[in-house]
Number of protein chains: 2
Amino acid sequence: MPRIEKMQSEQERKDQIKKAALKIFAEKGLVGTKMSMIAEEAGISQGLSYRYFESKDEIFALLVEEAIEESRKAIRDIAKFSGSPLEQLKAFTLQMLDENHRLYFLLVQQALTLEVVPSKAREAIERYSPQETIEQIIPIFVRGQQEGVFSEGDAYKQLILYFSVVNGLILQDAKVIGMDWTQEVDLLLKILMK
Amino acid sequence: MPRIEKMQSEQERKDQIKKAALKIFAEKGLVGTKMSMIAEEAGISQGLSYRYFESKDEIFALLVEEAIEESRKAIRDIAKFSGSPLEQLKAFTLQMLDENHRLYFLLVQQALTLEVVPSKAREAIERYSPQETIEQIIPIFVRGQQEGVFSEGDAYKQLILYFSVVNGLILQDAKVIGMDWTQEVDLLLKILMK
DNA sequence: GTCTATATATCGATAGAC
DNA sequence: GTCTATCGATATATAGAC
């Protein structure tokens, strides 16, 4: 008879470690994160993580892949969301700024920018280009342009700028003085509007 | 007779190491930067840096202080710059995005956000609050409001958002697809405008 | 399964040869 | 003045006790 309870526990343990690791990685980056920090955050001993994961790099790569998948999912969701182009972009922006998504975005940012990443994570990151995100949003933006809501001109260029701005805000949010950016999304969207 | 040539060489060596260190620190952060990376970037051996600087932390703290001084100088310059409030803010923004200033801004960002910084750098950073930057720009912004160029409402809040956005762009710039943000400053300024 | 103790690798910093 | 070799500290990863 299979001991389902035990299997659940193992998965829960893994999730517990991953959750702790995500928080620290997103804040401190790969090299800035020590396994002892992850262990402390998870409330376990330093050595125990290695019963559930092979290495620090493996955990990092795993989280990066999850983060990218989450990002893709967020883009798919925006298409389903019924509303004007402006409302769709606003909803997507709010989702990016959402507490649950922030850590993932920060992690990808770390992987994109800050360090020599493990080869597994490197591969995932290379497949995941900013262009990929933008290109899926272009149709929505163009529709907004046709309706006279968004500025004319190069859609790709404007969206790259916009999402750089949002990404930048997420990066800042963690540290800079407590401010609820979600209230300010309308200001950000002015970048794109006529 | 003093050997001026030798003294120049020593200072030049120091500057060479500092320049290399700034580039790596700005990209990788304090813990992500290895002394071997700095040495390689400067084209010297790993041990030689220690003839010119006491420690990695000392170089980092030194650069942070220089960066903050540069930032303060940029703010002083904007006041001297004659022009409309909009032109002044545009000039300041362009200066922030300028290649020569970017690395310094990135470094301060690293010190503000990513890690446990050496106590010397910590002190400099604590004296240098984002508020300090904002508060000096508020008068310019308010003048623009009175002239009907900028949006009404809380000047502090709007400027915090604006500079978070610019900081975010600088952070992205290093890695995201080659794009000359300076051409897009007018789009950014729309955040502040009516 | 979890912890403590330890082997191994890496990096900051120093010493010594040239 | 610069490099190479090495020490000491710290961190990753493993081994062994419970």
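Within every chain, numbering begins at 1; the chains are lettered A, B, ... in the order of the sequence lines, protein sequences first and strands thereafter.
A donor and an acceptor atom, one from each side chain of Arg13(B) and Gln16(B), are located under 3.5 Å apart. A donor-acceptor contact closer than 3.5 angstrom is absent between the side chains of Ser49(A) and Lys56(A). Side chains of Tyr50(A) and Ser55(A): no donor on one and acceptor on the other come within 3.5 Å.
Between the CZ atom of Phe53(A) and the C1' atom of dG1(C) there is a distance of 15 Å, given to the nearest Å. The nearest whole Å value for the distance from the CZ atom in Arg13(B) to the C1' atom in dC3(D) is 11 Å. Summarising the geometry, the separation between CD on Glu12(A) and P on dT2(C) is reported as 11 Å, rounded to the nearest angstrom. Per the geometry, CD1 belonging to Ile59(A) stands 11 Å off C1' belonging to dT12(D), to the nearest Å.
When atom types are taken as modelled, the side chain of Ser71(B) and the backbone of Ala67(B) share no donor-acceptor pair closer than 3.5 angstrom.
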B/S/- contact track for nucleotides 11-18 of chain C, protein heavy atom under 4.0 Å: SSBB----

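Scored by the ring pair (Phe, Tyr, Trp, His ring centres under 6.0 Å) test, Phe163(B) finds Phe92(B) as partners (sequence neighbours excluded).
Here the side chains of Phe53(B) and Leu62(B) are in contact, with some heavy-atom distance below 4.5 Å.
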